[in-house]
Amino acid sequence: MISHPAYAIEPWCLRESKLHLDVLAQSESVFTLSNGHIGWRGNLDEGEPHALPGTYLNGVHELHPLPYAEAGYGYPESGQTAINVTNGKLIRLLVDDEPFDLRYGRLRSHERVLDLRSGLLHRVCEWTSPAGTTVRVRSTRLISFTQRAIAAVAYEVEPLDAQTNLVVQSELVTNEQLPTLTGDPRVAAAIESCLQPEEHFALGTRLRLVHRTTHSNLRVAAAADHVVRGPNSTRTSSESSDDVGRLTVTAALDPGQTLRLEKLVAYGWSGFRSLPAVRDQVEAALASARSIGWQGLVDQQRAFLDDFWRHADIEVDGDAEIQQAVRFALFHVLQAARRAEQRAIPAKGLTGSGYDGHSFWDTETFVLPVLTYTSPNCVAEALRWRQNTLSAARARAHQFGLRGAAFPWRTIDGAECSAYWPAGTAAFHVNADIAAAVVRYVWATGDADFERETGLELLVETARLWHSLGHHDSGGRFHIDGVTGPDEYSAVANDNAYTNLMARANLQAAAEAAERHAAQSAAYGVDDEETASWRDAAKAMAVPYNPALGVHEQSAGYTGLDVWDFAGTRPEQYPLMLHFPYFDLYRKQVVKQADLVLAMYLCGDAFEEDQKARNFAYYEPMTVRDSSLSACIQCVMAAEVGHLSLAYDYLGEAALIDLADLEKNTRDGLHIASLAGVWIGLVAGFGGMRDHGNFLHFAPRLPERLDRLAFSLRLRQRFLRIDITSSRVTYTLKEGDPLQISHRGEVIALSKDAPQTRPTEPPTARPEPAQPPGRRPAPRH
Ligand code: BGC
């Protein structure tokens with residue numbers, strides 16, 4: 001657990017004023033810098049002590065076998081694991097004749113600050129060596145949003161009380177020794193020393209290493225160049241070997257003198273390009289970074305982030321902790337996605353090795369909605385990645401005897417790697433999640449080229465899957481049997497309401513898009529008969545409902561199952577999947593994460609208002625939140641049905657998931673979906689924003705704790721600001737053509753700089769629902 005005083009609460013930065021070695025792994029995750037292409041965990045400059053050294057390049061992974069004791073048709077045979085690539089962060093220091101290692105000597109002060117406005121990670125510390133020499137070290141790190149291949153460090157050392165001999169070694173190191181993280185020796189064998197050397201180079205201040213992965217056959221190059229400033233005594237030399245490139249700088253400094261090193265690092269990788277091509281690619285990136293220079297990179301980063309925050313910032317008055325947390329969350333969501341460019345956005349971004357670096361439905365359902373309204377280009381790129389993986393998804397559908405495409409549950413390169421098929425492979429809803437992201441993006445941006453070139457193909461292939469997976473019964477109703485919905489404590493169920501409602505929207509959207517782009521859809525083999533069959537299936541979609549209870553069923557027959565013995569479950573037996581057999585979870589009513597409740601948010605126009613309230617009251621006491629994807633959705637729906645204080649507690653859980661290490665696994669990387677969920681909780685929960693039916697609806701209502709909430713949205717070249725207090729809301733169109741929105745059902749015409757204010761209304765008061773014993777979110781009062 002991160003002991004909270006470790007981080008000060010400040011609106012625009014995360015400041016750690018003392019080094020806590022016991023939470024080093026967590027701080028490495030929260031201080032990760034990334035641009036979606038490169039990820040550097042917040043490891044200390046000198047490399048050690050460390051918990052998990054981490055340098056990731058989006059898409060770079062190794063393959064390993066996934067053998068099964070019992071063979072079965074269609075089991076994925078190959079696992080994929082993101083690997084730790086060449087570490088370019090390393091700068092080792094020798095002070096007189098002793099290594100600068102904070103575990104020895106005396107650490108007089110140590111501060112790290114992640115500045116969310118400048119995108120820089122600052123560190124300053126004062127250390128006295130065991131022999132009594134004191135130095136101050138300052139470093140600043142960045143991973144450029146504007147130069148995709150570039151990371152950089154500015155590093156300074158100054159002696160504080162006597163003349164001191166310094167040796168600084170700035171390195172590129174491949175195949176670093178890693179702590180054992182996996183209990184599976186096959187995975188460990190595949191990812192340890194998995195990079196085979198192809199070339200090493202050192203000349204003057206320049207270094208370069210090129211490697212290749214053993215099984216996945218990916219070529220990875222890293223190159224560095226340096227600017228060194230020091231007194232006349234300063235000397236440099238460089239050398240390289242298979243796994244190390246090293247620039248060594250020596251200098252004798254008097255107090256008041258500084259040795260400064262600016263290190264520029266370029267990364268590139270390819271599964272196709274030759275060694276000379278990849279080498280040239282990193283050298284070119286480095287040449288460009290050299291010409292921009294350290295200060296130029298810093299300035300570009302700031303300008304980029306100024307623009308991002310102008311359109312994305314959320315102001316929260318009344319709760320400084322949430323204010324900080326939402327900016328921290330948005331910053332990391334941006335970092336996970338911004339320059340991913342047709343690569344996946346992993347569940348942990350590039351912040352750690354958790355989930356083996358895989359991507360899930362988390363991307364489309366949690367991350368892309370946030371980016372659609374704040375940084376929409378990222379969304380187009382993420383969905384183009386899905387399109388690029390269509391051949392694997394088509395092959396998977398074919399393997400199952402189905403039409404269209406079956407997108408993977410977890411993957412890096414597009415091939416399924418879930419070895420646990422009931423929770424993974426049967427979760428077909430990922431198809432509809434992708435389709436929903438396409439529809440939202442196209443509507444919110446009006447990007448017709450994207451729809452024709454990318455969206456349409458995704459919609460067509462996902463719709464085909466649904467049509468062949470489901471069937472009409474004798475009465476004509478359309479059912480989708482044998483699937484796993486978002487709640488992984490149920491599996492292979494019939495007519496999962498979430499899946500069916502999302503599939504319905506997918507089928508309808510595909511038919512509409514095919515008609516809009518007749519020539520292109522004909523090229524995909526779509527004809528009128530096929531679109532009519534999609535519409536028929538959508539129209540006849542079964543949505544299970546129990547009239548006696550007056551609630552929707554999560555899946556057909558769900559409400560007839562035994563209810564889990566919550567009273568007999570001890571607090572330490574959560575998460576349940578680690579303490580009880582799946583067969584028992586599967587046959588009981590116990591919900592791992594919002595499922596029907598998620599359907600009520602995303603497909604809210606398919607439910608009546610009081611149905612939502614009854615459903616929420618029914619599912620709340622059996623939802624255990626063993627997934628971090630749940631709290632933000634429960635926040636949204638709790639707010640909608642009138643439980644504002646409960647909603648606020650859920651918001652707190654989503655927001656502090658990593659800053660307070662609530663799930664005790666922040667060490668493995670950040671929970672990017674939960675972080676995106678902070679935006680979702682504030683905007684959709686308390687702003688009451690919905691985008692059903694190609695229209696923006698708002699129903700703002702603040703919890704007692706908040707005095708004010710203000711957020712911005714980008715919509716079709718427009719820029720909207722919504723400012724909410726406890727009694728009123730003001731809608732301002734800051735840029736763009738007039739627009740209609742709805743405030744609690746009233747249509748409002750907005751035009752530029754003519755703000756419209758309306759009173760907010762408290763939601764209908766309803767009896768507070770209970771949670772399973774011990775699973776109430778921590779109260780924020
Ligand atoms: C959740 C999934 C999620 C995955 C990755 C699991 O615990 O149940 O819904 O996709 O984590 O975040």
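These numbers were taken from a predicted model, which means no experiment stands behind them. Basis for what follows: all heavy atoms, side chains included, without hydrogens, waters or symmetry-related copies.
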Determine the minimum heavy-atom distance between Leu172 and Leu209, stating which atoms define it. O-CD1, 3.6 Å
Ring centre gap for His429 and Trp409 strictly below 6.0 Å: yes
Would you check if there is a donor-acceptor pair between the side chains of Gln593 and Asp626 at a distance under 3.5 Å? no
Would you tell me whether His311 and Thr374 have side-chain atoms, one donor and one acceptor, within less than 3.5 Å of each other? no
Under 3.5 Å, is there a donor on one side chain and an acceptor on the other for Tyr498 and Asp487? no
Using a strict cut-off of less than 4.0 Å between a Lys/Arg side-chain nitrogen and an Asp/Glu carboxylate oxygen, indicate whether Asp45 and Arg123 qualify as a salt bridge. yes
Using the six-membered ring of Trp309, assess whether NZ or CZ of Arg117 lies under 6.0 Å from its centre and within 45 degrees of the ring axis. no
Worked verdict on Glu176 versus Asn84 for side-chain hydrogen bond (donor to acceptor under 3.5 Å, both in side chains): CA-CA 8 Å; Glu176 289 175 289; Asn84 182 41; 2.8 Å; yes
Just by distance, do the side chain of Arg148 and the backbone of Ala340 share a donor-acceptor pair under 3.5 Å? yes
Would you check if there is a donor-acceptor pair between the side chains of Thr86 and Thr174 at a distance under 3.5 Å? yes
Decide, yes or no, whether a salt bridge links Arg92 with Glu46 under the criterion of side-chain N to carboxylate O below 4.0 Å. no
Return yes if some donor-acceptor pair links the side-chain N/O of Gln342 with the main-chain N/O of Ala382 below 3.5 Å, else return no. no
Hey, mind stepping through Val370 and Leu330 against side-chain contact (heavy atoms from CB on, under 4.5 Å) and telling me if it holds? CA-CA 9 Å; Val370 179; Leu330 282 168; 3.9 Å; yes
Side-chain donor-acceptor pair present, Arg41, Ser29, cut-off under 3.5 Å: yes
Counting C-beta onward and ignoring hydrogens, is there a side-chain heavy-atom pair between Ile322 and Arg780 closer than 4.5 Å? yes
Is it the case that atom CH2 in Trp421 sees more than 12 heavy atoms from other parts of the structure closer than 6.0 Å? no
Is Glu48 atom CD crowded by more than 12 heavy atoms from other residues, nucleotides or ligands, each under 6.0 Å away? yes
Do you know which two heavy atoms are closest between Asn175 and Cys194, and how far apart they sit? OD1-N, 3.4 Å
Under a 3.5 Å cutoff, is there a donor and acceptor pairing between the side chains of Gln300 and Gln147? yes
Find the distance between CG (Leu371) and CZ (Arg440) and round it off to the nearest 0.5 Å. 11.0 Å
Classify the angle between the aromatic ring planes of Phe304 and Phe145 as parallel (below 30°), tilted (30 to 60°) or perpendicular (above 60°). parallel
Electrostatic pair Lys18:Glu111 at N-O distance under 4.0 angstrom: no
Below 6.0 angstrom between ring centroids: does that apply to Phe360 and Tyr355? yes
Stacked cation flag Arg775 on Tyr574, 6.0 angstrom / 45 deg: yes
Can you tell me if His671 and Asn665 form a side-chain donor-acceptor pair at under 3.5 Å? yes
Between Thr666 and Gln26: side-chain donor-acceptor atoms closer than 3.5 Å: no
Minimum heavy-atom separation for Ser34 to Ile143, with atom names? C-CG2, 4.0 Å
Whether the side chain of Thr623 engages the backbone of Arg625 through a donor-acceptor N/O pair (distance < 3.5 Å, no angle test) should be reported. no
Strictly below 4.0 Å, N to O, side chains only: are Glu416 and Arg410 in salt-bridge contact? no
Could you verify whether a donor N or O on one side chain and an acceptor N or O on the other, from Ser627 and Lys592, lie under 3.5 Å apart? no
Please test Asp661 against Arg667 for salt bridge (charged side-chain N to carboxylate O under 4.0 Å, His left out), starting from the C-alpha separation and ending with a verdict. CA-CA 8 Å; Asp661 195 13; Arg667 60 176 186 268; over 6 Å; no
Just by distance, no angles: are the side chains of Tyr650 and Gln634 close enough, under 3.5 Å, to form a donor-acceptor pair? yes
Between Tyr420 and Tyr582, ring centroids under 6.0 Å: yes
Between Arg343 and Glu381, is there a side-chain N and carboxylate O pair less than 4.0 Å apart? no
With a 3.5 Å cut-off and no angle check, do the side chains of Ser216 and Thr213 form a donor-acceptor pair? yes
Out of curiosity, Leu368 CG to Leu383 CG, how far, rounded to the nearest 0.5 Å? 5.5 Å
Quick check: are there more than 12 heavy atoms from other residues, nucleotides or ligands sitting under 6.0 Å from CD of Gln177? no
Ring centroid separation Trp679 to Phe711 under 6.0 Å: no
Please check if the side chain of Thr411 supplies one atom and the backbone of Ala415 the other of a donor-acceptor pair under 3.5 Å. yes
Exam field: side chain Asn35 to backbone Ser144, donor-acceptor pair closer than 3.5 Å: yes
